J.: 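This is the structure I have questions about; it appears just below.
Numbered from 1 within each chain, the chains take letters A, B, ... in sequence-line order. Treat the numbers as computed from the prediction; the structure is a model and nothing was measured.
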There are 2 protein chains.
Amino acid sequence: MKAPHRRRGAMWWHGKFKGMGYRLTTSRQAILDVLGESSEHLSAEDIYLKVHRIHPGVGLTTVYRTLELLVQTGLVFKFDFGDGRARYELSEGPKGARHHHHLVCTACGRVVDYTDFIDEEIELLNRTEKGLSAKYDFKITNHLIQFYGLCNECRGRS
Amino acid sequence: MKAPHRRRGAMWWHGKFKGMGYRLTTSRQAILDVLGESSEHLSAEDIYLKVHRIHPGVGLTTVYRTLELLVQTGLVFKFDFGDGRARYELSEGPKGARHHHHLVCTACGRVVDYTDFIDEEIELLNRTEKGLSAKYDFKITNHLIQFYGLCNECRGRS
DNA sequence: AATGGTAATGGAACCCATTACCATAAGGAG
DNA sequence: CTCCTTATGGTAATGGGTTCCATTACCATT
Ligand SMILES: [Mn+2]
Ligand SMILES: [Mn+2]
Ligand SMILES: [Zn+2]
Ligand SMILES: [Zn+2]
């Protein structure tokens, strides 16, 4: 049941984490694990509940604190899809192959990950980032791209 | 003081609004005016206060309701820059020349509008939107692009 | 093993932007 | 003017997210 190859994945945080002077505690491990295992867009409470099933001692406050920390260090992305809560996603797995953008249905809230067309996007993004960095003297570290519209189902009724 | 050329601008909502069966009331006018006159990223309360100076009768609730309506009809964009409140911006003036993207400093919250490099972006966006529409059967109506980083000032201290 | 200082934690109190209510005031068609 | 729908404002409630503070876990030294 427990995918054994996860063990490998569990390692790659270690470096980045302790490297920045933070402790890799059980709670933090647990939260990272939950994020690593899920392919959905989890809210803080979602994560809290999942973590809670295995580590009932972990409090919601710690989840919030840890998430903030993870976002700060760049390990996790924080999104706002318009329902009142923030959503979190591991920024990328051991192999940096998870980067993607989002497609959001403004009617039902459905969110679709997509990685198609990224090649061209990446190319342009890099150029744009470079240009913007220079012109506005910003050190750009990240970007957010989301498309909004109506999914097939929600379009199915005038 | 009152820019008289605004009169012209005030007209173009009329159509879209009444066309959709909504009344163009004084409150709504006032809110649209405030949005049209400001070049900043106003929060609901910002708008409320500005409107309040001229129309003390307008309540905060109405501001929220109106903003939601305006967002729904596409007249206004709603943004989340990471401070706890939503920000609103007229989607575009009479001449559709205001569309822009954002550059956000993750340290101090500064937000910069930019319209440079948009040409290429638009080109790619259109292609991407077309592709995504087809592949995921989404009717794409809008997009959001933001770059995150550190502004010159915030970078000025390790 | 005992000690001491710092980082981390949990639970409850709190904050505050946004919503839900509900009673009242317009707007407008006939 | 009358009836009916839409819009409004004030206030109470909601609910994610934070702050506080007393308690623990961690780690390096005596
Ligand atoms: Mn995603
Ligand atoms: Mn802007
Ligand atoms: Zn939908
Ligand atoms: Zn800054």
J.: Whole Å only: how far is the CD1 atom of B/Ile31 from the P atom of D/dT8?
T.: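 Atom CD1 in B/Ile31 sits about 8 Å away from atom P in D/dT8.
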
J.: Of B/Arg85 and B/Thr26, whose closest DNA chain C nucleotide lies nearer the 5' terminus?
T.: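 Its nearest nucleotide being more 5', the pick is B/Arg85.
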
J.: Can you check whether A/Arg28 has a side-chain N or O nearer than 4.0 Å to OP1 or OP2 of C/dA8?
T.: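 Checking C/dA8 against A/Arg28, a side-chain N or O does come within under 4.0 Å of OP1 or OP2.
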
J.: Nearest whole Å is fine: how far is D/dG16 P from A/Phe81 CZ?
T.: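 Rounding to the nearest Å, CZ of A/Phe81 and P of D/dG16 are 17 Å apart.
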
J.: Using a 4.0 Å heavy-atom cut-off across all strands, classify B/Thr25 as base, sugar-phosphate, or nothing.
T.: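 Answer is sugar-phosphate: B/Thr25 comes under 4.0 Å of backbone atoms only.
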
J.: So which nucleotide from D/dT11, C/dT9, C/dT18 ends up closest to the side chain of A/Thr62?
T.: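 Between D/dT11, C/dT9, C/dT18, the one nearest the side chain of A/Thr62 would be C/dT9.
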
J.: Could you tell me whether the phosphate oxygens of D/dG17, OP1 or OP2, come under 4.0 Å of any side-chain nitrogen or oxygen in A/Tyr64?
T.: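 The answer is yes; a side-chain N or O of A/Tyr64 sits under 4.0 Å from OP1 or OP2.
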
J.: Within the 4.0 Å heavy-atom criterion, would you say B/Ser27 contacts the bases, only the backbone, or no part of the nucleic acid?
T.: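 Sugar-phosphate, backbone atoms only, no base.
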
J.: So if you build clusters from Ile, Leu, Val, Met, Phe, Trp, Tyr with side-chain heavy-atom gaps below 4.5 Å, do B/Tyr136 and A/Phe147 land together?
T.: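 Cluster IDs for B/Tyr136 and A/Phe147 match.
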
J.: Is the base of C/dG11 touched by the side chain of A/Thr61 through a donor-acceptor pair closer than 3.5 angstrom?
T.: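 Under the 3.5 Å cut-off, the side chain and the base do form a donor-acceptor pair.
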
J.: Would you indicate whether the side-chain heavy atoms of A/Leu90 and A/Phe77 approach each other to under 4.5 Å?
T.: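 Answer no - side chains too far apart.
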
J.: Which sits closer to the 5' end of DNA chain C, B/Tyr88 or A/Leu60, going by the nucleotide each is nearest to?
T.: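 Counting from the 5' end, the first nearest nucleotide belongs to A/Leu60.
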
J.: Quick one: pull up CG in B/Asp46 and OH in B/Tyr88 and give me the separation to the nearest 0.5 Å.
T.: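 Here the rounded value is 11.0 Å.
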
J.: Examine C/dA7: is either OP1 or OP2 under 4.0 Å from a nitrogen or oxygen in the side chain of A/Arg23? Give yes or no.
T.: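 Checking A/Arg23 against C/dA7: no side-chain N or O falls below 4.0 Å of OP1 or OP2.
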
J.: Test of understanding: clusters of I, L, V, M, F, W, Y form through side-chain heavy atoms closer than 4.5 Å, transitively. Do A/Val34 and A/Phe79 belong to the same one?
T.: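 No; tracing contacts between hydrophobic side chains, which count when under 4.5 Å, never links both residues.
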
J.: Figure out the NE2/C1' separation between B/His55 and C/dA26, and round it to whole Å.
T.: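 It is 16 Å, rounded to the nearest whole Å.
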
J.: Return the value, rounded to whole Å, for the distance between atom CG of A/Leu67 and atom P of C/dA8.
T.: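 My rounded result for the distance is 15 Å.
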
J.: May I have the distance from B/Tyr22 (atom OH) to C/dA26 (atom C1'), rounded to whole angstrom?
T.: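 These atoms are roughly 18 Å apart.
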
J.: A/His52 NE2 to C/dT9 P: how many Å, rounded?
T.: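 About 15 Å, once rounded to whole Å.
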
J.: Consider the side chain of A/Ala86, meaning its heavy atoms from C-beta on, and name the nucleotide among D/dA7, C/dA20, D/dG17 that approaches it most closely.
T.: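 Nucleotide nearest to A/Ala86's side chain: D/dG17.
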
J.: Could you tell me the separation between the CG atom of A/Asp83 and the C1' atom of C/dT18, rounded to a whole number of Å?
T.: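 After rounding, the reported distance stands at 14 Å.
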
J.: Ignoring hydrogens and angles, are the base of C/dG10 and the side chain of A/Arg65 linked by a donor-acceptor pair under 3.5 Å?
T.: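 In this structure, the two groups form a donor-acceptor pair.
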
J.: Grab the CG-P distance between A/Leu69 and C/dT9 for me, whole Å please.
T.: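 In whole Å, C/dT9 P and A/Leu69 CG are 9 Å from each other.
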
J.: For the residue pair B/His101 and B/Gln146, confirm or rule out a side-chain donor-acceptor distance under 3.5 Å.
T.: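 Absent: no donor and acceptor within the cut-off.
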
